[in-house]
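Before any comments, here is the structure.
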There are 2 protein chains.
Amino acid sequence: MPTLQDVAHRAGVSTATVSKVLSNTPYFTDQTRAKVMQAVEELGYVPHLAARALSKGKTRIIAVVFPYLYDTLFSDPLVLRILEGIESETSRQGYNILLSTPRLNARGPDSHYKQLIQSGYIDGVIALDNVPFASVLDPVRKRGIPAVAIGYYGTDFRVVSDDVSGGFQLMTHVLGLGHRRVGIITVPFNIHYSIQHRIAGLRAGAEAVGVDFDAFPQVDGDFSTDSGEAGAAKLLDAHPDLTAIISLNDRMAMGAILAVRNRGREVPRDVTIVGYDDIPIAATISPPLTTIDQQAPELGRSAMRMLLDVFGNHSPELVKMPTRLIVRQSSAAPARWREEVATHHDSR
Amino acid sequence: MPTLQDVAHRAGVSTATVSKVLSNTPYFTDQTRAKVMQAVEELGYVPHLAARALSKGKTRIIAVVFPYLYDTLFSDPLVLRILEGIESETSRQGYNILLSTPRLNARGPDSHYKQLIQSGYIDGVIALDNVPFASVLDPVRKRGIPAVAIGYYGTDFRVVSDDVSGGFQLMTHVLGLGHRRVGIITVPFNIHYSIQHRIAGLRAGAEAVGVDFDAFPQVDGDFSTDSGEAGAAKLLDAHPDLTAIISLNDRMAMGAILAVRNRGREVPRDVTIVGYDDIPIAATISPPLTTIDQQAPELGRSAMRMLLDVFGNHSPELVKMPTRLIVRQSSAAPARWREEVATHHDSR
DNA sequence: ATCCTATAGTTAAGGGCTTAACTACAGGTG
DNA sequence: CACCTGTAGTTAAGCCCTTAACTATAGGAT
């Protein structure tokens, strides 16, 4: 492969000149520039990134860190959407993505990852950091590498989905349809931190409507469809009068739909089901799922833009990404309510 | 950050000795080794990868290249599963993944990507290469970088899913259930090369059973659920006597289920639907989908192992990953057939 | 005519690591 | 005792690029 030297010889100038021309440093004539560019062209010269990295101390690589915590990482469409957003912004800015999925336990991330972070290979880090008990950003902070977290932990610079608002939108939608007997499928707090915020949003939504949130039965799932089915089964068996179930992710909501059907009832005629995340499949199942769109790609793009800000020595403020309620056919007014409305309508 | 020099000073030896100790080159005493290791420990020394890369010409980075061809890239669960497999093997071997998603058109991949490939940053490439009209591996080959393709194109070293066998399994399953009026939802060949092979498998399956494949109506979709619904609608309206629909991916199959329902018919009672890919959701929709498991993670792992083989100057042979037929509730014997069997049974 | 400034380009050091080539020495061999 | 060999460690060049510090020159101001 041709080097800077080769280009310099061919163009009849020094390596410094070539370097400066290529980096657009001022003070050279158009003629020189042309000579250099021609030599570059003819030789097919491409700068050697490792050499540049050594010399500049910058690699143009940013690490995208998804801790490998639970098996869901690679089956979670959300992760891919976030990655998509990061990728689009990253490649637009001429950076490269090094994908790292460290194993994380209570003593912290694995040592291979820690080495990577300290190896000088990485200009910045974007991490999905959402578990309270350990952070993949500890070694990053220690090393003083610019970092942005997508989540509630890790660094000063963070992008989060507005989970409170998402929960609020979901609850007020369901209550607004007239439901008053609502079951909730959640997951234990320690699995995913944002769940706390979604619950807080649900609670705020109930309060806004003047309904006692604590009266609503709750069961724990683990994000999986199966756990959603089991959870909904438990709810429906213990509280046959439920007219709506709020599930804190779409996959559990899909399980809940199955559970309703298995009991000979229908969605949304007998039971309204709403989910959270708006995974791609949510729009195309039967019935299409009412859910919350987290705008995952935008979350990723924001994180990258924020990282660039940090590179520029700014101190960007927390970005709270708005959520959007997507109303589809899985939610409807409860039967009794519908009757009342009909009656009321008739009596006019 | 401490450097090799610092370690050398502290241990009272030369930098060469430190380097050799760390790379386990023979000819040093246990005492020296201990001194060096202690200094490393005390200083928290971690080798500077850019410097090592420059000096060795190796970076321990492998590029995972997913051409950004169609919007489905980041909503395709298969991609993520393959990535999972690559990641697991890659991190086990102490390599890092640089994720690249070049924009690809008929003139080849974008120039940022080409620069990356030529930049000396990358030891090897694993690419998803499945479109006939251009290859992301062209620049890689030109540069002589070891590469493995997951797909039908690109290099001598390839890992493919055995699409022919997948098609064969699907067709013989459907015909074996007794169906003889079968519709097929496919996609145009030029979108995804493996489709040709799946079709060839379908044909072989039909021939094995002695059925005329060309008599089966076909429609084109584009992998999306919507296109599956539209395709199935077209098939069912033009051929109301169809008792089974084979869709060449799961998302289109899910659309087909909707189309069947929209016509007041049921799956699998009236129409059998089978898909391809076994995306995570396939097991949990209603009815659970009969489909083909491509073993995507294993595909990824194989690719990485093959790449290591190429590094070792071997010439690994094509790996054809077997597919597995997953029979779930969306496929069943056709109604008439069931009657006949019942009659037959009664008459005994 | 002298001095200064802005422009154009060069020289050479340095970034951190690997490794070929070399030195030094202890112990074994004839 | 001279010589060789295997072991232990060192020296220094090289990987390719960037950049601070420097030189050289032309033109304008005084």
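The chains referred to below are lettered A, B, ... by the order of the sequence lines, with proteins before strands, and numbering in each begins at 1. Any value given below was found using the heavy atoms of this structure, including those in side chains, with hydrogens, waters and symmetry copies removed.
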#### Entry: Interatomic distance, A:Ile86 atom CD1 to A:Ile62 atom CD1 [nearest 0.5 angstrom]
6.5 Å

### Query
Are the aromatic ring centres of B:His197 and B:Tyr152 under 6.0 angstrom apart?
yes

### Task
Round to a whole Å and report the spacing from NZ of B:Lys20 to P of D:dA8.
12 Å

### Task
Working to the nearest 0.5 Å, report the span between CG of B:Asp6 and OH of B:Tyr45.
9.5 Å

### Task
Could you give me the CA-CA distance, side-chain angles and deciding distance for B:Arg305 and B:Glu298, then say whether salt bridge (charged side-chain N to carboxylate O under 4.0 Å, His left out) is met?
CA-CA 10 Å; B:Arg305 280 197 293 264; B:Glu298 192 50 42; 2.8 Å; yes

### Message
Set out, in order, the CA-CA distance, both residues' side-chain angles and the distance that settles side chain to side chain contact (heavy atoms under 4.5 Å, CB included) for B:Leu83 and B:Val64, then state yes or no.
### Response
CA-CA 8 Å; B:Leu83 193 55; B:Val64 173; 4.0 Å; yes

### Task
Kindly confirm or rule out a cation-pi arrangement of B:Arg33 over B:Phe28, judged by NZ or CZ under 6.0 Å from the six-membered ring centre and within 45° of its axis?
no

### Query
Does B:Ser111 use its side chain to pair, donor to acceptor, with the backbone of B:Lys114 at less than 3.5 Å?
no

### Message
Checking A:Arg143 against A:Val140 for the side chain to side chain contact (heavy atoms under 4.5 Å, CB included) test, could you report, in this order, the C-alpha distance in whole Å, the side-chain angles of both residues, the deciding distance, and whether it holds?
### Response
CA-CA 5 Å; A:Arg143 182 77 160 75; A:Val140 177; 5.9 Å; no

### Message
So, applying side chain to side chain contact (heavy atoms under 4.5 Å, CB included) with A:Pro67, which one of A:Thr101, A:Asp110, A:Asn105, A:Leu128 is it?
### Response
A:Leu128

### Contacts of A:Pro322 that satisfy side-chain contact (heavy atoms from CB on, under 4.5 Å) - sequence neighbours left out
A:Gln295

## Note on the structure
the helix from C:dA1-D:dT30 to C:dG30-D:dC1: angle between terminal helix axes, five bp per end, to the nearest 10 degrees, reads 60°

### B:Leu116 backbone acceptor or donor facing B:Ser119 side chain under 3.5 Å
yes

### Query
Just by distance, do the side chain of B:Tyr113 and the backbone of B:Val136 share a donor-acceptor pair under 3.5 Å?
yes

### Query
First contact, last contact: which nucleotides of DNA chain C are these for chain B, 5' to 3', heavy-atom distance under 4.0 Å?
C:dG16 to C:dA21

### Task
Tell me, with the steps shown, if B:Ile117 and B:Ile145 meet side chain to side chain contact (heavy atoms under 4.5 Å, CB included).
CA-CA 8 Å; B:Ile117 292 301; B:Ile145 296 177; 3.9 Å; yes

### Query
Which residues, if any, of residues 25-36 of chain B bring a heavy atom under 4.0 Å of DNA chain D?
B:Tyr27, B:Phe28, B:Thr29, B:Thr32

### Query
Counting only non-hydrogen atoms, which of residues 1-15 of chain B are less than 4.0 Å from DNA chain D?
B:Val13, B:Ser14

### Query
Could you state the interatomic distance from CD1 (A:Ile150) to CE (A:Met321), rounded to the nearest 0.5 Å?
9.0 Å

### Task
May I ask you to establish whether B:Arg103 and B:Tyr68 are in a cation-pi arrangement, using a distance under 6.0 Å from NZ or CZ to the six-membered ring centre and at most 45° from the ring axis?
yes

#### Entry: For DNA chain C, the residues among residues 41-57 of chain A that have a non-hydrogen atom under 4.0 Å from it
A:Ala51, A:Leu54, A:Ser55

